[in-house]
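Below: the structure, in structure tokens.
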Amino acid sequence: MLEVSDKASEMIKEFLKTQEEPHTIRIHVHAGCGGPALGMALDDLQDSDLQFTEKGIAFLIEKELFEDAKPIHIDFIETEQGSGFKLTSNLPAGAACGGGCSCC
């Protein structure tokens with residue numbers, strides 16, 4: 001399951017108005033000092049992807065990643081430190097750092 005909050009949907013649609021093709025959002029995993037985390041980027045459909053349309057926005061995610069991370073919730077938050085997208089999921093935490101990070 002992929003859920004997108006109303007605020008996140010509004011902010012993604014505003015962003016997409018300023019972009020050239022593709023207008024498809026890829027949900028991907030990246031590793032950092034805090035362990036693996038989900039992120040978003042513009043991308044094209046690949047053979048190993050699942051495609052979802054939520055609130056009029058097309059999302060892509062690799063099938064295996066989706067199975068590991070579902071359910072995925074995308075929100076847009078505003079705090080005193082700033083604002084941005086917050087992706088939450090059941091992605092396993094893994095190691096805190098794989099080494100080579102400046103924070104290790």
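- If you take CZ on Arg26 and CE on Met40, they are separated by 13.5 Å, rounding to the nearest 0.5 Å.
- Through side-chain heavy atoms spaced under 4.5 Å, either directly or across other Ile, Leu, Val, Met, Phe, Trp or Tyr residues, Ile77 is tied to no other residue.
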Considering only distance and modelled atom types, tabulate donor-acceptor pairs under 3.5 Å from the side chains of residues 51-62, sequence neighbours left out.
from, atom 1, to, atom 2, distance (Å)
Lys55, NZ, Val4, O, 2.8
Lys55, NZ, Asp6, OD1, 2.5

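- Around the CD atom of Glu64, the shell of radius 6.0 Å holds no more than 12 heavy atoms that belong to other residues, nucleotides or ligands.
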Without placing hydrogens or testing angles, list every side-chain donor-acceptor pair under 3.5 Å for residues 81-91, not counting sequence neighbours.
from, atom 1, to, atom 2, distance (Å)
Gln81, OE1, Thr79, OG1, 3.2
Ser89, OG, Leu91, N, 3.1
Asn90, ND2, Lys70, O, 3.2

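- Interatomic distance, CG of Leu38 versus NE2 of His73, reported as 12.5 Å (0.5 Å rounding).
- In this structure, Leu45 is not a member of the same hydrophobic cluster as Phe66, with clusters built from ILVMFWY side-chain heavy atoms closer than 4.5 Å.
- From Asp43, atom CG reaches atom CG of Asp49 across 7.5 Å, with rounding to the nearest 0.5 Å.
- Distance CD1/Ile12 to CD1/Ile74: 5.5 Å, rounded to 0.5 Å.
- Interatomic distance, His23 NE2 to Asp44 CG, rounded to the nearest 0.5 Å: 11.5 Å.
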